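Please read the structure below before turning to the comments.
Per chain, numbering begins at 1; letters A, B, ... match sequence-line order. Keep in mind that the numbers below use all heavy atoms, side chains included, and drop hydrogens, waters and symmetry copies. Computed from a predicted model, the values in this text were never measured in an experiment.
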There are 2 protein chains.
Amino acid sequence: MNAKTRKLSQSLPLGRRFGLLMRLYFGALTKKLEQLDIDRHFSILILIEDSEEGFCNQQYLSNTLNIDKTSMVRMIDYLVGKGYIRRASNPEDRREHRILLTEKAHRILPRIHRAINDLNSKATNGLNTSQLKQFYKDLDLLAENLAHEPRHTIIMNLEKAKSTRK
Amino acid sequence: MNAKTRKLSQSLPLGRRFGLLMRLYFGALTKKLEQLDIDRHFSILILIEDSEEGFCNQQYLSNTLNIDKTSMVRMIDYLVGKGYIRRASNPEDRREHRILLTEKAHRILPRIHRAINDLNSKATNGLNTSQLKQFYKDLDLLAENLAHEPRHTIIMNLEKAKSTRK
DNA sequence: ATTGATAGTTTACATTGCCTACTATCGGTA
DNA sequence: TACCGATAGTAGGCAATGTAAACTATCAAT
């Protein structure tokens with residue numbers, strides 16, 4: 001809290017703020033959905049649900065969610081182990097695994113959607129419709145700008161600490 | 001890319017976008033500073049520099065950067081090992097370690113500042129002054145909103161993959 | 001039949017946040 | 001003076017993830 005502090009927030013990497021927001025967001029989301037027997041990878045379920053029935057393979061999930069394919073294997077394993085999805089080989093291209101939702105997944109997806117919609121709203125509470133629109137546009141712009149920068153590979157890790165569940 | 005896809009971006013957790021931005025940002029920052037013999041924890045150096053000479057302890061760093069104190073110990077160890085900072089016990093409170101920059105740190109800090117300022121600018125390229133101001137305000141608002149949500153503890157991990165350096 | 005590309009898996013490594021437990025020290029108080 | 005709670009920092013361990021490298025299986029084209 002010294003004289004120079006006023007400019008500190010601008011001197012620090014902008015990426016730090018995004019990291020903090022991510023932590024806060026997923027901390028809250030996990031809390032909202034703590035009664036489920038999974039505590040992560042909700043996005044994967046949503047993306048599978050969104051994709052054409054039976055046309056979702058792991059590569060598609062990886063690319064769309066920006067998760068590398070070896071991590072995706074583990075995440076799929078996790079969700080398979082919990083009984084929310086299953087792998088089905090595609091007879092038209094036997095290299096592929098089509099990822100399918102189970103009944104169990106369909107049952108909990110409404111709750112997941114509610115939690116996410118609710119949290120997205122709460123997070124942006126205080127912004128009016130046009131501000132919200134602009135904010136999303138800004139995020140897209142930042143991502144676009146940063147995607148064109150040369151970069152090292154960087155790891156992002158998201159996990160619940162007290163994982164009594166397995 | 002099916003009919004439902006149009007709404008997909010709104011159905012996914014907002015936190016995902018922040019995670020992506022964080023990865024892109026730090027990937028680019030690490031790249032920009034790859035000639036240095038450290039590849040992370042630049043924020044710590046900046047915060048030490050910003051704080052009053054000799055009044056920066058680990059607790060302060062942890063709180064300000066939202067990093068838990070056991071992780072901070074390891075980060076400090078890393079920077080000490082690289083010769084950028086040193087721990088000095090405070091005679092007025094011998095529990096404390098005052099963290100001080102070395103000459104080596106002072107020499108590279110200008111380069112770090114340049115890289116961060118440059119990247120912050122490039123990331124927000126396309127926003128005019130008032131839009132930029134609003135965007136930063138929005139980020140603060142989101143953080144404020146999310147901080148009030150009940151939450152689980154969540155882990156964020158940032159690391160360079162190919163760490164040939166040690 | 002060979003060759004190159006693609007989908008997915010496995011293993012290993014490094015790092016981080018969190019937890020628990022611990023030491024040392026400070027400050028107040030009985 | 002002696003105790004007690006709080007604070008600063010450390011140590012060890014766990015779980016999870018991105019990445020790399022090496023590998024299998026399959027496809028598509030020549």
Worksheet item: Looking across every strand, which nucleic acid part, if any, lies under 4.0 Å from A:M75 by heavy atom: base, sugar-phosphate, or nothing?
Response: sugar-phosphate
Discussion item. Quick check on DNA chain D: between B:H97 and A:D68, whose nearest nucleotide comes earlier from the 5' end?
Written reply: B:H97
Discussion item. Nearest whole Å is fine: how far is C:dG8 C1' from A:N63 CG?
Written reply: 13 Å
Fill in: Check: A:R87 side chain, C:dG8 base, donor-acceptor under 3.5 Å
no
Response to the item:
Looking only at D:dT17, D:dG9, C:dT16, the nucleotide nearest the B:S71 side chain is C:dT16
Discussion item. List the residues meeting salt bridge (charged side-chain N to carboxylate O under 4.0 Å, His left out) with B:R17, not counting sequence neighbours, and say none if there are none.
Written reply: A:D140
Worksheet item: Just wondering, do A:L146 and B:L119 contact through their side chains at under 4.5 Å, heavy atoms?
Response: yes
Worksheet item: Does anything in residues 115-140 of chain A pair up under ring-ring contact (aromatic ring centres under 6.0 Å, His included), and if so which pairs, sequence neighbours excluded?
Response: A:F135-B:F135
Worksheet entry | All pairs passing ring-ring contact (aromatic ring centres under 6.0 Å, His included) where residues 79-108 of chain A contributes a residue, at least two apart | none
Discussion item. Looking at B:K104, I'd like to know if its NZ atom is crowded, meaning that more than 12 non-hydrogen atoms belonging to other residues, nucleotides or ligands lie closer than 6.0 Å.
Written reply: yes
Fill in: Interatomic distance, B:R23 CZ vs D:dT19 C1' [rounded to whole Å]
12 Å
Fill in: Selection residues 109-128 of chain A - residue pairs positive for ring-ring contact (aromatic ring centres under 6.0 Å, His included), sequence neighbours left out
none
Practice prompt. For nucleotides 21-28 of chain C, just jot down a letter per nucleotide in 5' to 3' order: B, S or -, based on protein non-hydrogen atoms under 4.0 Å.
Written response: ---BBS--
Worksheet item: Roughly, in whole Å, what's the span from CZ in A:F26 to P in D:dA16?
Response: 16 Å
Practice prompt. Would you tell me if any nitrogen or oxygen in the side chain of B:H41 comes within less than 4.0 Å of OP1 or OP2 on C:dT15?
Written response: no
Worksheet item: Tell me: CG of A:L20 to C1' of C:dT16, nearest whole Å?
Response: 15 Å
Worksheet entry | Nucleotide nearest A:I67 (side chain, heavy atoms from C-beta), chosen from D:dT17, C:dG17, D:dG18 | D:dG18
Worksheet item: Under 4.0 Å: is that the gap between some side-chain N or O of A:Q59 and OP1 or OP2 of C:dA7?
Response: yes
Worksheet entry | Side chain of A:E96 (C-beta onward), nearest among D:dG18, C:dG8, C:dT16 | C:dG8
Worksheet item: CG of A:N57 versus C1' of D:dC27: gap in Å, rounded?
Response: 14 Å
Discussion item. Can you measure B:L61 atom CG to D:dA8 atom C1' for me and round it to whole angstrom units?
Written reply: 12 Å
Worksheet item: When the distance from CG of B:L65 to C1' of C:dT16 is rounded to whole Å, what number comes out?
Response: 15 Å
Fill in: Flag for A:E149-A:N145: side-chain donor and acceptor within less than 3.5 Å
no
Worksheet entry | Any A:Q58 side-chain N or O less than 4.0 Å from OP1/OP2 of C:dT6 | no
Response to the item:
Whole-Å distance, B:M22 CE to C:dT15 C1', equals 12 Å
Item to complete: Report the residues that fulfil side-chain hydrogen bond (donor to acceptor under 3.5 Å, both in side chains) with A:T102, sequence neighbours left out, ordered by chain and then residue number.
Response: none
Discussion item. With hydrogens left out and only the distance checked, is there a donor-acceptor pair under 3.5 Å joining A:R74's side chain and the base of C:dG8?
Written reply: no
